[in-house]
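For reference, the structure discussed in these notes is given below.
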Amino acid sequence: MKVGIIGGTGGMGKGFALRWSQNHDVIVGSRDAVRATESAVEYTNLAKEAFGEIKGSISGGDNVTVAKESDVLILSIPYENIDSVCSGILPEIRDSCVVVSPIVPMTKTDVGFECVSIKENKPFSYKLVLNHMKDKSKLVSAFHVISEKKLINPTLELDYDIFVCGDDESVKVVNILIDEIKGLRSIYLGPIELSYLAEMSTPLLLNAMIRNKIKNPGIKII
């Protein structure tokens, strides 16, 4: 598959690119195509150092180009940028493209990390993304509770469950990518309308991490 990552020059984008390049052609997206290309060269070198030869590839491009070329498109962007970014790229995706949102509506306050959708009565992330989707069945919500610091170490095996919401056929595509990262397990919560449950799990996890001095935790259902 061609896996595009919008916000691919950030930490999560780097981690996904390194790991998925073993089997797929990953395209790193940025508003600045030059920056994306430079990051792709860096990631390629890191992936080869970690894995030896890789079956896939890592390239870079501007966000619109990446959106047009991708079979799966990861939206690794901040909550506050959803409308500005998605309005420009999601009308350009292929009809078959599956879009993945790991976006969390979260803010840090005096009491800790809070969900802005509850605190400020704002829409959850998936609702904002859906506004820009041509085919709403192609949106999958996933990867909200994964440690960025652990993800970017390509040889580190993870041990997390990943909450997933969306249409059955689209979820099957995303589960392929989840299964290819050692130690990750997909936990299906239901249709996209239940994505708010996954989005709320991130501030919960971060508050638990800080208050209890737990380093880079994840969620595992046992």
Side-chain angles (χ1 to χ4, degrees), residues 1-14 16-17 20-21 24-40 43 56-106 116-117 120 122-144 162-178 189-196 198-199:
M1 290 188 289
K2 286 188 176 181
V3 182
I5 306 172
I6 303 300
T9 57
M12 284 192 70
K14 179 179 180 180
F16 285 138
W20 286 331
S21 66
H24 304 283
D25 294 323
V26 179
I27 318 170
V28 174
S30 172
R31 288 175 295 181
D32 183 344
V34 173
R35 184 185 178 198
T37 301
E38 290 173 347
S39 293
Y43 298 170
S57 64
I58 307 175
S59 59
D62 66 88
N63 285 337
V64 173
T65 300
V66 171
K68 287 179 178 179
E69 296 180 359
S70 298
D71 299 313
V72 178
L73 190 67
I74 313 294
L75 301 177
S76 184
I77 59 175
Y79 173 80
E80 58 269 19
N81 292 355
I82 292 176
D83 284 334
S84 61
V85 173
C86 291
S87 62
I89 63 171
L90 293 188
E92 305 295 331
I93 64 173
R94 301 171 181 173
D95 291 342
S96 59
C97 180
V98 174
V99 176
V100 183
S101 171
I103 307 168
V104 178
M106 184 173 64
V116 298
S117 298
E120 301 175 19
K122 292 182 178 180
F124 280 92
S125 302
Y126 79 94
K127 286 189 174 182
L128 293 179
V129 177
L130 279 176
N131 289 337
H132 303 282
M133 295 286 298
K134 292 182 289 185
D135 182 351
K136 299 186 188 319
S137 73
K138 295 297 182 182
L139 178 63
V140 174
S141 204
F143 300 113
H144 301 91
I162 302 298
F163 297 135
V164 182
C165 297
D167 176 81
D168 287 349
E169 292 305 311
S170 296
V171 166
K172 286 179 183 177
V173 174
V174 177
N175 281 348
I176 292 171
L177 296 175
I178 293 174
L189 296 185
I192 198 67
E193 290 81 6
L194 292 180
S195 296
Y196 70 92
E199 293 182 26

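One-based numbering along the sequence shown. Keep in mind the model is a prediction, meaning the values are calculated, not measured. Every heavy atom of this structure was used, including side-chain atoms; hydrogens, water molecules and symmetry mates were not.
- Using a 4.5 Å cut-off on side-chain heavy atoms (C-beta onward), L189 and V164 make no contact.
- For D83, the side chain to side chain donor-acceptor pair (under 3.5 Å) partners two or more places apart in sequence, or in a different chain, are H132.
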Go through the steps for I93 and K68 under the test side-chain contact (heavy atoms from CB on, under 4.5 Å), then give the verdict. CA-CA 5 Å; I93 64 173; K68 287 179 178 179; over 6 Å; no
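- H24 has its side chain within reach of L177: a pair of non-hydrogen atoms, C-beta onward, lies under 4.5 Å apart.
- Put simply, the side chain of I82 reaches to within 4.5 Å of the side chain of S125, judged on heavy atoms.
- When side chains are defined from C-beta on, V85 does not count as touching L90, because their heavy atoms never get closer than 4.5 Å.
- Each of N81, I89, V100 was evaluated against L75; a single residue qualifies, I89, per the side chain to side chain contact (heavy atoms under 4.5 Å, CB included) test.
- Listed by chain and number, the residues in a side chain to side chain contact (heavy atoms under 4.5 Å, CB included) with V173 are M1, V72, V98 (sequence neighbours excluded).
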Passes salt bridge (charged side-chain N to carboxylate O under 4.0 Å, His left out), D95 versus K134? Steps please. CA-CA 8 Å; D95 291 342; K134 292 182 289 185; 3.7 Å; yes
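- Between S101 and L139 there is a side-chain heavy-atom pair separated by less than 4.5 Å.
- Between S141 and the options P191, P102, C165, a side chain to side chain contact (heavy atoms under 4.5 Å, CB included) holds for only C165.
- Using modelled atom types, one side-chain atom of S195 and one backbone atom of I192 make a donor-acceptor pair closer than 3.5 Å.
- Remark: D135 pairs with S137 by the side chain to side chain donor-acceptor pair (under 3.5 Å) rule, at least two apart or across chains.
- One distance of note links CD of E80 with NZ of K122; it measures 8.5 Å at 0.5 Å rounding.
- For the pair I162 and A142, the tightest heavy-atom approach, listed with the atom from each and the gap, is CG2-CB, 4.2 Å.
- In terms of the ring-ring contact (aromatic ring centres under 6.0 Å, His included) criterion, Y79 has no residue partners (sequence neighbours excluded).
- Remark: the backbone N or O of L130 is paired with a side-chain donor or acceptor of K136 at under 3.5 angstrom.
- Aromatic ring centroids of F16 and F143 lie under 6.0 Å apart.
- The shortest non-hydrogen separation linking P78 to I103 is C-CG2, 4.1 Å.
- Side-chain contact between Y126 and N131 is absent, with no heavy-atom pair separated by less than 4.5 Å.
- P91 meets the side chain to side chain contact (heavy atoms under 4.5 Å, CB included) test with no other residue; sequence neighbours excluded.
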I would like to know whether I74 and W20 meet side-chain contact (heavy atoms from CB on, under 4.5 Å); could you show each step before the answer? CA-CA 12 Å; I74 313 294; W20 286 331; 4.0 Å; yes
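- Closest non-hydrogen pair, V66 versus G61, comes out as CG2-O, 3.7 Å.
- In this view, D71 and R94 satisfy the side chain to side chain donor-acceptor pair (under 3.5 Å) rule, not counting sequence neighbours.
- Counting heavy atoms from C-beta on, the side chains of N63 and R31 come closer than 4.5 Å.
- Residue G88 comes nearest to V64 through the heavy atom pair O-CG2, 3.9 Å, listed as atom of the first residue, atom of the second, then distance.
- Side-chain contact check for D62 and T65: at least one donor-acceptor pair (N or O, by modelled atom type) lies under 3.5 Å.
- Judged by distance alone, with hydrogens and angles left aside, the side-chain atoms of S117 form a donor-acceptor pair with the main-chain N or O of P123 at under 3.5 Å.
- Using a distance-only test at 3.5 Å, with no hydrogens or angles considered, a donor-acceptor pair links the side chain of S70 to the main chain of G4.
- Annotation for P105 and E199: closest pair CD-OE1, 3.1 Å, computed over non-hydrogen atoms.
- No side-chain heavy atom of V3 sits under 4.5 Å from any side-chain heavy atom of D25.
- For the residue pair A17 and I58, the shortest heavy atom distance occurs at O-CD1, 3.7 Å.
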What do the steps show when you test R35 against E38 for salt bridge (charged side-chain N to carboxylate O under 4.0 Å, His left out), and what is the final call? CA-CA 5 Å; R35 184 185 178 198; E38 290 173 347; over 6 Å; no
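- Taken to the nearest 0.5 Å, the CD1 atom of I27 stands 5.0 Å off from the OG atom of S59.
- Taking NZ of K14 as the start and OH of Y43 as the end, the distance is 6.5 Å to the nearest 0.5 Å.
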